**Q** 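Once you've had a glance at the structure underneath, I'll fire off some questions.
Values in this document were obtained by computation on a predicted structure and should not be read as measured data.
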Amino acid sequence: MRLITLTTALLIALALLPAAAGASPREYALFQDDKLLVESGDAQRSATLDEVRDLGVDMIKVQLNWAVVAPGSRRKPAGFDGADPAQYPGWGRYDSLVADARAHGFKVMFALAPPAPGWATPTPGDRTGVTRPSAREFGRFAEAAARRFPGVSVWTIWNEPNHPGHLYPQSVNGRPVAPRLYHDLVRAAVAGLKRGGAGRKTTLFGELLPIGKSSIGPKRNLKPLAFLRSFFRGPPLSGLDGFAYHPYTRPSGPLVREPSPDDATIRSYGRVLHALDSARARGRISGPKLPIWNTEFGFQTNPPDPGFGAPIARVPMFWSLSELWFSYSNRRVKSISQYTMTDTPGDPSLWQSGLRFADGRLKERIYANYRLPILVRQLGPGAVEVRGDARPGGAGGAVQIYQRGSRGPFKPLGGPLQVRNLRGYFVSRYRISNAAERTFRFTAGGQSSLDVKPVRIFR
């Protein structure tokens, strides 16, 4: 992606082209907040599900933590059969989540996630549960989970395996180790899910961080593209339906280039797709070309985090660029994810990507723009393209776009648009004088988007 100034003739030509030709027709709105949905009780879970349903969320993601549901002894209990769901004592709160989420009309995605129980790594009683976890035992856990939760729609494997806090060691003596460990975990989990009856459910792998360290070592998280190259050196894989990714950006937003070609934030989905397609062409993975699922995403904000937070006033635009330009424009991107609803209380340097502050107050413009994201591209002095998502209405709903000049009231820009996209996305282009001086909004379902100025973003 690049920012350029185009001639007037080319701008007019752009304005005449069909809009969003390669757009994804079915991009899920994914939401994750394990604290509110799993750890805070029935009333909080139900209230959160009500809220995100009203915001247009389609699917709930939850980390099914292996160590939380498994027996917690120092050594594996005598006679323990890891493939038998009846032998896991900790399913209860996940049972409640699945039942409640499905009752609210959501699809559910489960991440088979670390840490491993203390008996499933080479060190008995391991408290971190991420050092060389047993692929065999993980496969049995996947089988048990699939048997326990036949209503889960999507399964994804592990969490951020290119981070030493989730899989250790990352590298030893200058050579990557975590990709091989993860390859073994993926193979075992795919086989376990199939044995457990989930072989026809969507199964994802990856869950990688987008930016790694410039040097390697046991505790230095690997860059995602380097991780994938090493990962695909293992035996060929099958039974996978997509690649899960966490395409976070730096605080300066999604248009900023990454530190190296082996990093890939949301602006560089193409780098990831190239790596996947290259592996497929070499026979390292079977089946059709894999889509990307954005399974964890959001923008930490300042306030409250002055160190890693993006300026809070800029986050609505960052989000709109991420969802409506980078994600929706790519037909191989299957989801956009919001993580989380509420900021982490206490130390402001902790995770702060919520739609609400830790005390429950709305981040008002961020919240409103998540409900009805809008992006207006200036195609020339007299042309604009308006992109948005009319959630939760989706297909069959209607939107009305408005504009105003430097003064005066908002006026309709054309007539109402009938939304045809299943998830509520729309793209429409207009000829309008003095485009740069105008402000735009749209309404849908009795709600109004933010008021925004055009931006000059082109491929």
Side-chain angles (χ1 to χ4, degrees), residues 26-66 68-69 85 88 90-114 138 141-159 189-190 192-207 239-246 291-298 333-342 355 391-392 394 422-423:
R26 192 182 182 98
E27 183 172 287
Y28 288 101
L30 189 65
F31 175 83
Q32 182 180 0
D33 191 321
D34 289 33
K35 181 175 170 109
L36 295 183
L37 293 176
V38 179
E39 302 169 12
S40 299
D42 295 347
Q44 180 64 75
R45 178 180 61 251
S46 185
T48 303
L49 290 173
D50 286 340
E51 182 174 13
V52 298
R53 181 178 58 191
D54 290 344
L55 288 172
V57 168
D58 306 299
M59 186 179 296
I60 300 298
K61 180 190 176 186
V62 171
Q63 291 203 117
L64 182 63
N65 295 109
W66 187 8
V68 168
V69 300
Y88 289 80
W91 299 120
R93 58 186 182 174
Y94 299 104
D95 290 331
S96 299
L97 178 279
V98 171
D100 206 358
R102 296 189 70 195
H104 278 75
F106 294 108
K107 294 181 180 294
V108 178
M109 174 188 289
F110 265 2
L112 297 167
F138 185 62
F141 167 59
E143 180 178 351
R147 290 178 175 174
R148 182 76 178 199
F149 299 109
V152 168
S153 299
V154 181
W155 295 89
T156 184
I157 301 169
W158 213 252
N159 180 59
V190 169
L193 290 169
K194 183 176 181 179
R195 293 192 304 269
R200 295 189 177 183
K201 299 295 180 71
T202 300
T203 302
L204 313 178
F205 75 109
E207 300 287 347
L240 294 165
D241 304 299
F243 181 78
Y245 200 52
H246 302 179
I292 290 177
W293 289 67
N294 176 331
T295 56
E296 187 182 312
F297 188 67
V333 175
K334 295 301 182 185
S335 63
I336 185 77
S337 176
Q338 168 58 33
Y339 178 86
T340 56
M341 175 61 74
T342 306
L355 301 178
R391 55 176 171 241
L422 183 66
R423 301 299 174 202

**Q** Quick one: ring pair (Phe, Tyr, Trp, His ring centres under 6.0 Å) partners of Tyr245, sequence neighbours excluded?
**A**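 Scan of Tyr245 (ring pair (Phe, Tyr, Trp, His ring centres under 6.0 Å), adjacent residues dropped) gives Phe243.
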**Q** Could you measure the distance from the CG atom of Asp95 to the CZ atom of Arg148? Nearest 0.5 Å is fine.
**A**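 CZ of Arg148 is found 4.0 Å from CG of Asp95.
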**Q** Please list all pairs meeting side chain to side chain donor-acceptor pair (under 3.5 Å) that have one or both residues in residues 192-205, counting only residues at least two apart or in different chains.
**A**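 Every pair satisfying side chain to side chain donor-acceptor pair (under 3.5 Å) with a residue in residues 192-205: Glu143-Arg195.
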**Q** What is the minimum heavy-atom distance between Ala198 and Trp155, and which atoms define it?
**A**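 Heavy-atom minimum between the residues: CB-NE1, 3.8 Å.
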**Q** Thr48: which residues meet the side-chain hydrogen bond (donor to acceptor under 3.5 Å, both in side chains) condition with it, sequence neighbours left out?
**A**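 Result, side-chain hydrogen bond (donor to acceptor under 3.5 Å, both in side chains) vs Thr48: Gln44.
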**Q** Holding to salt bridge (charged side-chain N to carboxylate O under 4.0 Å, His left out), I want the full list of residues that pass it with Asp241, two or more places apart in sequence or in another chain.
**A**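 Asp241 satisfies salt bridge (charged side-chain N to carboxylate O under 4.0 Å, His left out) with no residue once adjacent residues are dropped.
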**Q** List the atom of Phe141, the atom of Leu64, and the distance in Å for their closest heavy-atom pair.
**A**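 Scanning both residues, the minimum pair turns out to be CZ-O, 3.8 Å.
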**Q** Could you work out, with side chain to side chain contact (heavy atoms under 4.5 Å, CB included) as the rule, every residue matching Asp54, not counting sequence neighbours?
**A**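 With neighbours one apart ignored, the set is empty.
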**Q** Rounded to the nearest 0.5 Å, what separation is found between the CZ atom of Arg45 and the CG atom of Leu49?
**A**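 Reported value, rounded in 0.5 Å steps: 7.5 Å.
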**Q** Evaluate Leu55 against Leu355 for side-chain contact (heavy atoms from CB on, under 4.5 Å), listing each step before the verdict.
**A** CA-CA 11 Å; Leu55 288 172; Leu355 301 178; 4.1 Å; yes
**Q** Mind checking side chain to side chain contact (heavy atoms under 4.5 Å, CB included) for Pro291 and listing every partner two or more places apart, or none if nothing turns up?
**A**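 Pro291: side chain to side chain contact (heavy atoms under 4.5 Å, CB included) contacts with Trp293, Lys334.
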**Q** Are the side chains of Ser40 and Lys35 in contact, using a 4.5 Å heavy-atom criterion?
**A**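 Answer yes - side chains close enough.
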**Q** Can you confirm whether Pro114 sits close enough to Trp158 that some side-chain heavy atom of one is under 4.5 Å from a side-chain heavy atom of the other?
**A**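 Yes, close enough: below the 4.5 Å cut-off.
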**Q** If you round to the nearest 0.5 Å, how far is OG of Ser337 from CE of Met59?
**A**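 These two atoms lie 10.5 Å from each other.
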**Q** Please identify each residue that fulfils side chain to side chain contact (heavy atoms under 4.5 Å, CB included) with Asp34, with sequence neighbours left out.
**A**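 Side chain to side chain contact (heavy atoms under 4.5 Å, CB included) check on Asp34 returns Gln32, Glu39, Val62, Gln63.
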**Q** Nearest 0.5 Å, please: how far is CG in Leu112 from CZ in Phe138?
**A**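 The distance works out to 5.0 Å.
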**Q** Walk me through it: do Leu30 and Thr295 pass the test side-chain contact (heavy atoms from CB on, under 4.5 Å)?
**A** CA-CA 7 Å; Leu30 189 65; Thr295 56; 4.2 Å; yes
**Q** Run the side-chain contact (heavy atoms from CB on, under 4.5 Å) check on Glu296 and Asn159 step by step: do they pass?
**A** CA-CA 10 Å; Glu296 187 182 312; Asn159 180 59; 4.1 Å; yes
**Q** Determine whether a donor-acceptor pair (N or O, by modelled atom type, separation under 3.5 Å) exists between the side chain of Trp91 and the backbone of Pro85.
**A**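 Indeed, once roles are kept as given, a pair shorter than 3.5 Å links the two residues.
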**Q** If the condition is side-chain hydrogen bond (donor to acceptor under 3.5 Å, both in side chains), which residues does Thr156 pass it with, not counting sequence neighbours?
**A**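 Checked Thr156 against side-chain hydrogen bond (donor to acceptor under 3.5 Å, both in side chains); matches are Glu207.
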**Q** Looking only at non-hydrogen atoms, find the nearest pair between Ala29 and Gly56 and report the distance.
**A**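 Looking at all heavy atoms of both residues, the closest pair is CB-O, 3.8 Å.
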**Q** Kindly indicate, with the supporting measurements, whether the criterion side-chain contact (heavy atoms from CB on, under 4.5 Å) is fulfilled by Val154 and Lys61.
**A** CA-CA 9 Å; Val154 181; Lys61 180 190 176 186; over 6 Å; no
**Q** CE of Met341 to CG of Leu37: how many Å apart, nearest 0.5 Å?
**A**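 Nearest 0.5 Å value for the CE-CG distance: 8.5 Å.
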**Q** For Tyr88, which residues count as a side-chain hydrogen bond (donor to acceptor under 3.5 Å, both in side chains) partner, sequence neighbours excluded?
**A**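 Partners of Tyr88 under the side-chain hydrogen bond (donor to acceptor under 3.5 Å, both in side chains) test: none.
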**Q** Would you say Asn65's side chain and Val68's backbone share a donor-acceptor pair under 3.5 angstrom?
**A**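 Not at all, since once roles are kept as given, no pair shorter than 3.5 Å links the two residues.
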**Q** Roughly how far apart are Ile336 CD1 and Tyr28 OH, rounded to 0.5 Å?
**A**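 Spacing of CD1 (Ile336) from OH (Tyr28) equals 15.5 Å.
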**Q** What's the shortest heavy-atom distance between Val57 and Ile60, and which atoms?
**A**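 Looking at all heavy atoms of both residues, the shortest contact is CG1-CD1, 4.2 Å.
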**Q** Distance-only criterion, 3.5 Å: show the donor-acceptor pairs between side-chain atoms of residues 102-111 and protein atoms not counting sequence neighbours.
**A**
{"from": "His104", "atom 1": "ND1", "to": "Asp100", "atom 2": "O", "distance (Å)": "2.9"}
{"from": "His104", "atom 1": "ND1", "to": "Asp100", "atom 2": "OD1", "distance (Å)": "3.1"}
{"from": "His104", "atom 1": "NE2", "to": "Asp50", "atom 2": "OD1", "distance (Å)": "2.8"}

